[in-house]
Amino acid sequence: MAIAFTRSMRSLETDHHRRSVWGMLLLILFLGGWGLWGYLAKIRLYEVSELARIEVNEATFPIEALIEGRIVYTNLEVGKTVQPGDVLVELDAEVDRLRLETERKRFEALARQIDALRREISAQVKAQTSEQQVDPVTLAEARARHREAAEDAAYSQQEVTKLTVLHEGGYISELQLLRAQAELQKRKAGAEALDLEVHRLELSQQTRDNEKAVRLEQLNREVTRLQGEMTTASAGMETLLQDTEKYRVRASVAGKIGEVMPLQVGTIVHRGEKLGALVPAGDLKIIAFFPPAVALGRLKPGQTARMSMANFPWTQYGEVWAEISQISTEARDGMIRVECRVLPTSTFRIPLQHGMPGSLEIEVEQVTPLTLLLRSAGRNLAPLSTSPNSGMKTTRLTTPNGNVLVVEIARTPAEVQRGLMFRQSLLPDTGMLFVFPNEGPLPFWMKNTLIDLDIVFLDTERRVTGVAANIRRTVPGTPDNQIARANGQGRFALEIPAGKAREYGIEPGKTLGFEF
C-alpha cells in the first residue's frame with residue numbers, strides 16, 4: 001500500500017507541475033498578445049464639440065427696430081420667404097404722419113400762392129406791354145398838337161409884327177393891333193399848355209413804368225421767398241418721410257425668416273431691439289467651437305467630420321458628413337471657431353435648415369493603446385487644471401459641511417465678463433469665485449454658458465446672502481430674451497455645478513472660508 005501511495009503522490013506532483021507550466025505559457029502568451037495589441041493596434045481618437053450648428057454661408061441679418069414704438073402690424077413668420085423691401089413690422093407713426101400731412105398741406109398752399117403770383121406777374125407784363133404800345137401814340141399826338149400850336153403862335157407873332165409896322169404908319173387902327181396881339185397871347189398860351197401836356201404825359205408814362213417795375217420786382221421777390229419756403233417744406237417733408245420710414249422694419253435681403261421673437265400687435269419695442277433674424281439664400285455650412293488646446297495644431301482643413309443632429313438619432317435619421325474648410329487662428333471667448341463644408345455623401349434624411357444644432361466629431365489621429373495608456377497616466381500625474389484659462393489664479397474654499405473646493409478667481413473685468421463661458425464641464429469639487437471691488441447688486445447673465453450652475457452670493461464677511469439654484473445652460477445663438485439671468489447682493493459670487501450648493505450645505509446665513 002505504501003508503494004502505491006508514493007506512486008500516486010508522484011503522479012499528482014507531475015500533473016500539477018505540467019499544469020503550472022501550461023498555465024505560465026498561457027499567461028505569457030496572453031500578456032504577449034496584449035503587449036503586441038497595445039504596441040501595434042491603432043485606436044482612432046476623436047474630438048467632439050457639442051457647440052455645433054448648421055448655418056448658411058452668408059451671414060444672417062438681424063431684424064431690429066429702428067425706433068421705439070408700438071407694433072401695429074407684423075408679418076414675421078418663421079420660414080416665410082421675403083424679398084428686399086418687404087415690410088416685416090410696422091410701428092405706430094401717427095404723430096409723424098400728422099406732421100407730414102401738415103407739411104404737405106403747407107407745401108400745397110405755397111404752390112397755390114406762387115401760381116397766383118405768377119399769374120399776376122404775367123398780367124402785369126401784358127398790361128405793361130399794352131401801355132408801352134399805347135403811350136407812344138398818345139405822346140406823339142400831344143407833341144403834334146404842341147408843334148401845331150407853336151407854329152400858330154409863330155404865325156401870329158409874325159402877323160403882330162407886320163400890324164405893328166402898319167399901325168405906326170397909320171394904316172390900321174390900334175384896335176386891330178390889339179386884337180392881333182390878343183390872338184398872339186392866346187396862341188402862345190395854347191402852345192405852352194400843350195407843351196406842359198407833353199411833359200405831363202412823359203412824366204406820367206415814366207411814373208407808371210417805374211411803378212410797374214417796382215410791382216414786378218415785389219412780385220418776383222415774393223415768388224422767390226415762397227419758393228424758398230417751398231424748398232424748406234419739401235426738405236421737411238423728405239425728413240418726415242425718412243422718419244416715418246423708420247417705423248417700418250423692412251427685409252434687407254431676399255431670404256427666409258429664421259427666428260422670430262414673441263411679438264403681437266400692441267407690443268412696445270425699443271430702438272435696436274432684436275425682433276428676429278433673416279436667413280439669406282445660400283449653401284449651408286457647419287459651425288462648431290472647440291477649446292484652443294483641442295483645435296490648434298490638431299484640426300486642419302481637409303479633415304473629415306461627422307455631425308449628429310440634436311433630437312434626431314443617427315440610427316434613425318442618419319448623419320451629416322462634412323469636411324473642415326476653415327479654422328480661426330484666434331480664440332474668441334476662450335473658443336476656436338471651426339467651419340466645415342457639408343459633403344454630398346451625407347445620409348441625413350431630413351432637409352437641413354439654418355440653425356439646426358448638433359454635435360460634431362472629428363478624427364484627429366490614430367494612436368496605439370500603449371500610447372493612449374501613457375497619455376492617460378501623464379494626465380493623472382499632471383497638476384490639476386480646471387479650465388483652459390491657465391493664467392487664472394486659484395484658491396481653496398471650505399464649505400459649511402467641510403468640503404474643500406479648488407476654485408478659480410475672476411477679479412479683472414475681462415475675467416469677470418468671460419466667466420465660465422464655453423466651458424463644457426467642471427471637474428469634481430471645482431468652481432469659479434468672482435471678486436468685485438465693492439458690495440452691491442450682482443446681476444448675472446448666462447450668455448454662452450454651457451453648464452447648469454448654482455450661483456452663491458456672499459457679502460464682505462464671506463456670509464451667504466442668497467443662492468440661485470439650477471440656472472439652466474444656454475447655447476450660442478440663443479435669443480437674448482431667452483437667456484437665463486440671476487440677481488443677488490454681495491461682494492463675491494461663487495459658481496458651482498447645479499445641485500452642489502445643497503450638497504455642500506450652502507444656504508443663506510452660512511459662511512464660507514477662502515482667501516484671495
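Below, all heavy atoms of this structure are taken into account, side chains as well, without hydrogens, waters or symmetry copies.
Without hydrogens or angle criteria, Thr474 side chain to Asn448 main chain gives a donor-acceptor distance under 3.5 Å. Checked by atom type and distance alone, the side chain of Arg53 never pairs as donor or acceptor with a backbone atom of Pro357 at under 3.5 Å. Listed for the Thr224 side chain is a donor-acceptor partner under 3.5 Å among the backbone atoms of Asn220. No side-chain donor-acceptor contact under 3.5 Å links Arg248 to the backbone of Glu90. Side chain of Ser325 to backbone of Glu339: a donor-acceptor contact under 3.5 angstrom is found. Judged by distance alone, with hydrogens and angles left aside, the side-chain atoms of Ser49 form no donor-acceptor pair with the main-chain N or O of Leu360 at under 3.5 Å. Although no hydrogens or angles enter the test, the distance criterion places no donor-acceptor pair under 3.5 Å between the side chain of Ser122 and the main chain of Arg118.
Side-chain contact between Phe444 and Ile471 is absent, with no heavy-atom pair separated by less than 4.5 Å. For the pair Tyr317 and Met309, the minimum side-chain heavy-atom distance is 4.5 Å or more. Residues Lys393 and Arg411 have side chains not in contact (no heavy-atom distance under 4.5 Å, counting atoms from C-beta outward). A heavy-atom distance below 4.5 Å is found between the side chains of Asn470 and Asp454. Counting heavy atoms from C-beta outward, Met446 and Glu495 have side chains that approach closer than 4.5 Å. Ile71 places a side-chain heavy atom less than 4.5 Å from the side chain of Leu91. Phe492 has its side chain within reach of Val435: a pair of non-hydrogen atoms, C-beta onward, lies under 4.5 Å apart. Arg473 places none of its side-chain heavy atoms less than 4.5 Å from the side chain of Ile451.
Heavy-atom minimum distance, Leu442 versus Phe457: O-CE2, 3.7 Å. Heavy-atom minimum distance, Thr347 versus Trp321: N-CD1, 4.5 Å. Gly466 and Pro508 get closest at one heavy-atom pair: CA-CG, 4.3 Å. Annotation for Ala251 and Gln83: closest pair CB-O, 3.4 Å, computed over non-hydrogen atoms. Closest non-hydrogen pair, Ile327 versus Ile336, comes out as CG2-CG2, 3.9 Å. Considering every non-hydrogen atom in both Ile287 and Arg337, the closest pair reads CD1-NH2, 3.2 Å.
Rounding to the nearest 0.5 Å places CZ of Arg418 at 7.5 Å from CE of Met432. One finds the CD atom of Gln303 at 10.0 Å from the CD atom of Glu47 (value rounded to the nearest 0.5 Å). Separating the OG1 atom in Thr102 from the CZ atom in Arg99 is a distance of 9.5 Å, to the nearest 0.5 Å. Interatomic distance, CG of Asp459 versus OG1 of Thr465, reported as 6.5 Å (0.5 Å rounding). Between the CG atom in Asn75 and the CZ atom in Arg250 there is a gap of 12.0 Å [rounded to 0.5 Å]. From Asp115, atom CG reaches atom CG of Leu226 across 11.5 Å, with rounding to the nearest 0.5 Å.
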Under the salt bridge (Lys or Arg N to Asp or Glu O under 4.0 Å) rule, what do Arg106 and Glu103 come out as? Steps first, then yes or no, please.
CA-CA 5 Å; Arg106 177 169 171 261; Glu103 202 68 20; 2.9 Å; yes
side-chain contact (heavy atoms from CB on, under 4.5 Å) between Arg225 and Glu222, worked out
CA-CA 5 Å; Arg225 184 184 68 80; Glu222 184 67 10; 2.5 Å; yes
Between Ile286 and Val342, is a side-chain contact (heavy atoms from CB on, under 4.5 Å) present by the stated rule, with each step listed?
CA-CA 7 Å; Ile286 299 174; Val342 178; 4.1 Å; yes
Would you please test Tyr155 and Arg187 for side-chain contact (heavy atoms from CB on, under 4.5 Å) and show each step?
CA-CA 9 Å; Tyr155 176 77; Arg187 290 183 177 182; 3.8 Å; yes
Would you check, one step at a time, whether the test salt bridge (Lys or Arg N to Asp or Glu O under 4.0 Å) holds for Arg472 with Asp452?
CA-CA 5 Å; Arg472 298 298 299 171; Asp452 296 337; 3.1 Å; yes
Would you sort out whether Lys188 and Glu192 count as a salt bridge (Lys or Arg N to Asp or Glu O under 4.0 Å), showing the intermediate values?
CA-CA 6 Å; Lys188 283 185 176 179; Glu192 290 177 358; over 6 Å; no
Determine, step by step, whether Ile324 and Leu299 satisfy the side-chain contact (heavy atoms from CB on, under 4.5 Å) criterion, reporting the C-alpha distance in whole Å, the side-chain angles of both residues, the deciding distance to 0.1 Å, and the verdict.
CA-CA 8 Å; Ile324 296 179; Leu299 303 183; 4.2 Å; yes
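The pair Lys105-Glu108 does not count as a salt bridge, with every side-chain nitrogen at least 4.0 angstrom from each carboxylate oxygen. Using a 4.0 Å cut-off between charged side-chain N and carboxylate O, Arg423 and Glu408 make a salt bridge. With respect to the salt-bridge test (charged N to carboxylate O, under 4.0 angstrom), the residues Glu183 and Arg179 do not qualify. In this structure, Arg147 does not pair ionically with Glu151, as no charged nitrogen and carboxylate oxygen lie closer than 4.0 Å. The pair Arg200-Glu197 meets the salt-bridge criterion, since a charged nitrogen lies less than 4.0 angstrom from a carboxylate oxygen. A salt bridge is defined here as a Lys NZ or Arg NE, NH1 or NH2 lying under 4.0 Å from an Asp or Glu carboxylate O, and Glu148 with Arg145 fails to meet this definition.
Between the side chains of Glu439 and Thr460, at least one donor N or O lies within less than 3.5 Å of an accepting N or O.
Heavy-atom neighbours of Asn210 CG from other residues, nucleotides or ligands within 6.0 Å: above the threshold of 12. No more than 12 heavy atoms of other residues, nucleotides or ligands shown are found within 6.0 angstrom of CD on Glu174. Counting heavy atoms of neighbouring residues, nucleotides and ligands inside a 6.0 Å radius, atom CD of Gln206 does not exceed 12 of them. Shown here is Gln417, whose CD atom has no more than 12 heavy atoms of other residues, nucleotides or ligands within 6.0 Å.
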